[in-house]
Amino acid sequence: MVVTRFAPSPTGYLHIGGLRTALFNWLWAKKNGGKFRLRIEDTDLSRNKQEAVEAILEAFQWTGLHWDDDVVFQSDRFDVYRKYVQELLDKGMAYKCYLSKEELESIREARMKGETPSIDIRKYRDFKGELDKPYVIRFKAPLEGKVGFEDGVKGKAEIDASQVEDFVIARSDGTPTYNFVVVIDDHEMGMTDIIRGDDHFTNTFKQVLVYRAFGWDVPKFYHVPMIHNEKGSKMSKRDGAVDVMEYKREGYLPEALLNFLVRLGWSHGDQEIFSIEEMIKLFDPKDINKAPSRYNKEKLDWLNQHYIKNSPNERIVKLLKEDFGVDIEGHDKKEILIDELKERVKTLKEMAQEIKKILSDPQEYNEKAVKKFLKDEVIANLREFLVFLNDKDPKTPVDWHDVMNEFLALKGIKPKFLMPPLRIAMVGDTKGIDLAAMLSVLGKEEVKKRISSLLAKFEVF
RNA sequence: GGCCCCUUCGUCUAGCGGUUAGGACACCGCCCUUUCACGGCGGCGACACGGGUUCGAGUCCCGUAGGGGUCACCA
């Protein structure tokens, strides 16, 4: 059985790049009828935040990527890790290292400058005694030979084992570190396929060595290229919109985000729109690209609009109420409103704003529009239309359409001497949903009220 | 800097030795239309560069350039 996982560290919200790798893993598990598991990598006690765990789970909830079995917390498993560390120690495959923070710092600096450090990081590798100093436990990486693995995206990966340093597997406070516990857990949780970010690529060599040390089977790895920001560099908080939940707040539908993400670094011919079912059916990590891709908001917006257009009105009304505080559940013309808005809005947030604009009295009249369309004779038309309305009873957009045309024919005037001014009277501008629909939504009394308000402001006696 | 990876329109990508290099987003134009959109039609626009291999190269090989990842008692 295929078993995949997503293993975030709880240091903040769920990152959009993280969501994509989670999605890939989830899809692959679903496609193979396997399991997708969630593990919280919280071995660094000093950096964990409980809110972060909740934020991550909330994001999973929103996107509908459900995990199988219980969430595993590494902080619950320290005893297990300790046992394995001891095993390596006993076998002479790991050792206590007494190098001080300062010594380590000097090694690090030298390496970054490209120089050979004056202190050997393997200094205590063959040290037999015990020192009365704090120590970390390091893994004994081989001094010669090769380490490699078959990467499902990049192909064969192999380096000289000597390139792998004796990395720390347990801190001086006894807590185990990432490159060690990852292997323990992936093995014990039965992981078969690991799809993760490219930033883990070099870690994989270390991890392969740990698998080897315990004699365990190495799972299949797939390293997916990073998502860059619109400028082409690594995405950071500064780029904005990296928190998955931010998309909910901005009015994006989860399926739009997922569709957007699945096409970043993966494709299936020319297809752009993928339902969740199609993704599951078509996804295959062998089709993942090797090059990093860029975040592209326009495409996301387009997809979001597509999914909004194809969502049932009922769902939209519900989301508008729950997430944007716009309640039109009781409005008798809500279907017309939503149908009209669906076509011209990119996000739910935008839709909420448009609804508010239509349903409330115009705050101001657009100066340019007023100047262009509200000539004196036109204002007179509005006055007459107001009267004309008295013995009419239009309800539907078609009714309103007929009433306007009747008036136009009666007066022998062109549409532009009535329609644009009417729009201005209704919402203060000449843009917006279909006029007849707008009037229908507002209802005769409200329409008359708004015409009167406009007349009161602009009519010259 | 060491090690590793990557490189097709502005962006996401198709391509798997022989294509007028295809699609999508964005942009521009036309049509539809009382407005704005939606929709339809059309346009702009790419194989990073240099060498090979081959009858033939976006596709294979080698360099160069550019980009990225990583080098923690973070994950």
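Order of the sequence lines sets the chain letters (A, B, ...), proteins ahead of strands, with each chain counted from 1. Quick note: numbers below take in every heavy atom, side chains included, and nothing from hydrogens, waters or symmetry partners. Nothing here was measured: the structure is a model prediction, and the numbers come from that model.
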What N/O pairs connect the protein and nucleotides 38-41 of chain B at under 3.5 Å? Give each pair on its own line.
| residue | atom | partner | partner atom | Å |
| --- | --- | --- | --- | --- |
| B/C38 | O4' | A/Glu343 | O | 3.4 |
| B/C38 | O3' | A/Lys309 | NZ | 2.9 |
| B/C38 | O2' | A/Glu343 | OE1 | 2.7 |
| B/G39 | OP1 | A/Lys309 | NZ | 3.1 |

Contacts under 3.5 Å, N or O only, protein and nucleotides 10-12 of chain B:
| residue | atom | partner | partner atom | Å |
| --- | --- | --- | --- | --- |
| B/C12 | OP1 | A/Arg294 | N | 2.8 |
| B/C12 | O2' | A/Arg263 | O | 2.8 |
| B/C12 | O2 | A/Lys299 | NZ | 3.4 |

Could you go through nucleotides 70-74 of chain B and list every protein N or O atom that sits under 3.5 Å from one of its N or O atoms, giving the distance for each pair?
| residue | atom | partner | partner atom | Å |
| --- | --- | --- | --- | --- |
| B/U70 | O2' | A/Thr202 | OG1 | 3.2 |
| B/C71 | O2' | A/Arg111 | NE | 3.4 |
| B/C73 | O2 | A/Ser172 | N | 2.9 |
| B/C73 | O2 | A/Ser172 | OG | 2.9 |
| B/C73 | N3 | A/Ser172 | OG | 2.9 |
| B/C74 | OP1 | A/Arg171 | NE | 3.0 |
| B/C74 | OP2 | A/Arg171 | NE | 2.1 |
| B/C74 | OP2 | A/Arg171 | NH2 | 2.6 |
| B/C74 | O3' | A/Arg171 | NH2 | 2.9 |
| B/C74 | O2' | A/Arg47 | NE | 3.2 |
| B/C74 | O2' | A/Arg47 | NH2 | 2.9 |

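Pairing partner, B/U34: none, since no Watson-Crick or wobble contact has both distances short of 3.5 Å. B/A48 is paired with B/U64 under the Watson-Crick or G-U wobble criterion, all donor-acceptor distances under 3.5 Å. Of the nucleotides present, B/U70 is the one that pairs with B/G2 by Watson-Crick or G-U wobble criteria, both distances under 3.5 Å. Across every strand in view, B/U11 sits in a pair with B/A24 that passes the Watson-Crick or G-U test at under 3.5 angstrom.
Residues meeting the side-chain contact (heavy atoms from CB on, under 4.5 Å) test with A/Lys395, sequence neighbours left out: A/Asp393, A/Asp399. Every residue meeting the side-chain contact (heavy atoms from CB on, under 4.5 Å) condition with A/Pro292, not counting sequence neighbours, appears here in chain and number order: A/Pro225, A/His228. Residues satisfying the side-chain contact (heavy atoms from CB on, under 4.5 Å) test with A/Asp243, not counting sequence neighbours, are A/Tyr13, A/Met245, A/Glu246, A/Arg249. For A/Glu406, the salt bridge (Lys or Arg N to Asp or Glu O under 4.0 Å) partners at least two apart in sequence or on another chain are A/Lys392. Every residue two or more places apart in sequence or in another chain was checked for a salt bridge (Lys or Arg N to Asp or Glu O under 4.0 Å) with A/Glu51, and none qualifies. Shown here are the side-chain contact (heavy atoms from CB on, under 4.5 Å) partners of A/Glu109, two or more places apart in sequence or in another chain: A/Glu105.
For A/Glu115, the CD atom counts as densely surrounded, since its 6.0 Å shell holds more than 12 non-hydrogen atoms of other residues, nucleotides or ligands. When the shell of 6.0 Å around CD of A/Gln363 is examined, it contains 12 or fewer heavy atoms from other residues, nucleotides or ligands. In the displayed structure, A/Lys342 atom NZ is contacted under 6.0 Å by more than 12 heavy atoms of other residues, nucleotides or ligands.
Separating the C1' atom of B/G1 from that of B/G15 is a span of 38 Å, rounded to the nearest Å.
Using bins of under 30°, 30° to 60° and over 60° for the plane-to-plane angle, the ring pair A/Phe78/A/Tyr81 lands in the tilted bin. Between A/His223 and A/Phe221, the two ring planes are parallel [angle under 30°; tilted spans 30° to 60°].
Taking atom CE on A/Met404 and atom P on B/U35, their separation rounds to 12 Å, with Å as the unit. One interatomic measurement links the two molecules: CE of A/Met426 to P of B/C36, which rounds to 19 Å at whole-angstrom precision. In this entry the distance linking CD1 of A/Ile227 with P of B/C6 reads 19 Å, nearest Å. The separation between A/Lys414 atom NZ and B/U35 atom P is 14 Å, rounded to whole Å. Rounded to whole angstrom, the span from the NZ atom of A/Lys357 across to the P atom of B/C36 amounts to 14 Å. If you take CZ of A/Phe274 and C1' of B/U13, they are 11 Å apart, rounded to a whole angstrom. As rounded to whole Å, 21 Å separates atom P of B/G69 from atom CZ of A/Phe221.
Between A/Asn259 and A/Tyr307, the side chains place a donor N or O and an acceptor N or O closer than 3.5 Å (distance only, hydrogens not considered). Residues A/Asp173 and A/Thr175 bring a donor and an acceptor atom of their side chains to less than 3.5 Å of each other.
Within residues 151-160 of chain A, the residues that have a heavy atom under 4.0 Å from RNA chain B are, in order of number, A/Lys154, A/Ile159.
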With a 3.5 Å cut-off and sequence neighbours excluded, list the donor-acceptor pairs that the side chains of residues 132-144 of chain A form with protein atoms.
| residue | atom | partner | partner atom | Å |
| --- | --- | --- | --- | --- |
| A/Arg138 | NH1 | A/Asp166 | O | 2.7 |
| A/Lys140 | NZ | A/Gly92 | O | 3.2 |

Only distances under 3.5 Å count here; give the side-chain donor-acceptor pairs of residues 413-430 of chain A to other protein atoms, sequence neighbours excluded, each with its distance to 0.1 Å.
| residue | atom | partner | partner atom | Å |
| --- | --- | --- | --- | --- |
| A/Arg423 | NH1 | A/Ile433 | O | 3.1 |
| A/Arg423 | NH2 | A/Ile433 | O | 3.0 |

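OP1 or OP2 of B/C6 sits under 4.0 Å from a side-chain N or O of A/Lys290.
When heavy atoms are screened at a 4.0 angstrom cut-off, A/Leu303 is found touching no nucleic acid atom at all. When heavy atoms are screened at a 4.0 angstrom cut-off, A/Ser267 is found touching the sugar-phosphate backbone but no base atom.
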